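Worksheet: one structure, shown below.
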Amino acid sequence: METKKENPEKKSSSSSSSKKKKGLEIEGYPVEGLSIGGQETCVIFPSLKMAFDIGRCPQRAISQEFLFISHGHMDHIGGLPMYVATRGLYNMKPPTVIVPKSIKENVEKLFEVHRAMDHSELKHNLIGLDVGEELQLRKDLKVRAFRTCHVIASQGYIVYSVKQKLKQEYVGLSGNEIKSLKLSGVEITYTITSPEIAFTGDTTSDFIIDPNNSDVLRARILVMESTFVNDSMTVEHARDYGHTHLSEIVSHADRFENKAILLIHFSARYERDEIQAAVLALPPSLASRVFALTEGI
Ligand SMILES: [Zn+2]
Ligand SMILES: [Zn+2]
């Protein structure tokens, strides 16, 4: 028989606050998780209940209701069954898992194999999303997949905030007047969508010059891979393996309109100091808004 465990969200506040100290806060969003190339990537936005990729399954990922998978490499998807199983074990709501449409069938098979082995339900809502397709996550949030360039099928995700605003001509009317206009069928609001977070997963720098990806470069926070950071590896090497070199980010610096850029997926060859030195050496237009996720390095 399955043993139900207590939801980790209900643990004492002291343990959760000590965990929070580990994370970053960027543009008002707490950011947690870790990302090391070839080992594991999981970037978490707890205030949105979202995680991007899940190479292993960090404890903090389990509390997130939405999980976005960029591609099928093990360092990005290996923790998926564990994530779903652990939420089941804690009796938490089945998560929504968004994957590239091209791998959806294989992900379904993966869960079938795990169900056959452990006789649990592994409840979740699996959604395949193609490049350019959108999904409404909540009334005020939607996501769109965008094209990235890796050695296997891959995609990134843009999360948009969706807000209803009162049309200018109705500003200043009383509550009752607005209510009666609304009841009479007049469209009194308009919708503002703004790109909040973009997550690339693994990709060459080619996604930057794709004209369809302009919202990626406008998102408030861009979470972008930068597997290689200095001259110890060449740009050619990065491109051959479907990755980005920090020097390419520098070359494209004027294209990024993002308020903040979080670099992830550093090669395991680097020490934390080396990464920090490379970030400190960035030109001022980037240095003032670039963060590096070095947790676990
Ligand atoms: Zn990777
Ligand atoms: Zn990869």
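For ligands, and for the atoms within them, numbers begin at 1 and follow the listed sequence. Please read all numbers here as calculations on a predicted model, not as lab measurements.
- Side-chain contact check for H245 and S247: at least one donor-acceptor pair (N or O, by modelled atom type) lies under 3.5 Å.
- Of all N/O/S atoms in H73, ND1 sits nearest the Zn ion (ligand 2).
- Taking backbone and side-chain atoms together, E225 has no N/O/S atom less than 2.8 Å away from the Zn ion (ligand 1).
- When the N, O or S atoms of D75 are ranked by distance to the Zn ion (ligand 1), OD2 comes first.
- Taking the N/O/S atoms of D202 in turn, the shortest distance to the Zn ion (ligand 1) belongs to OD2.
- If you look at Y83 and H124, their ring centroids are not closer than 6.0 Å.
- Cation-pi geometry between K142 and Y160 is satisfied (NZ or CZ under 6.0 Å from the ring centre, within 45° of the ring normal).
- No salt bridge links R115 with E121; every basic N to acidic carboxylate O contact stays at or beyond 4.0 Å.
- Because the distance cut-off is set at 2.8 Å, H243 fails to qualify as a neighbour of the Zn ion (ligand 1), as none of its N, O or S atoms comes that close.
- Among the backbone and side-chain atoms of H71, an N/O/S atom is found under 2.8 Å from the Zn ion (ligand 2).
- Within the 6.0 Å centre-distance limit, the rings of F68 and F52 are counted as a close aromatic pair.
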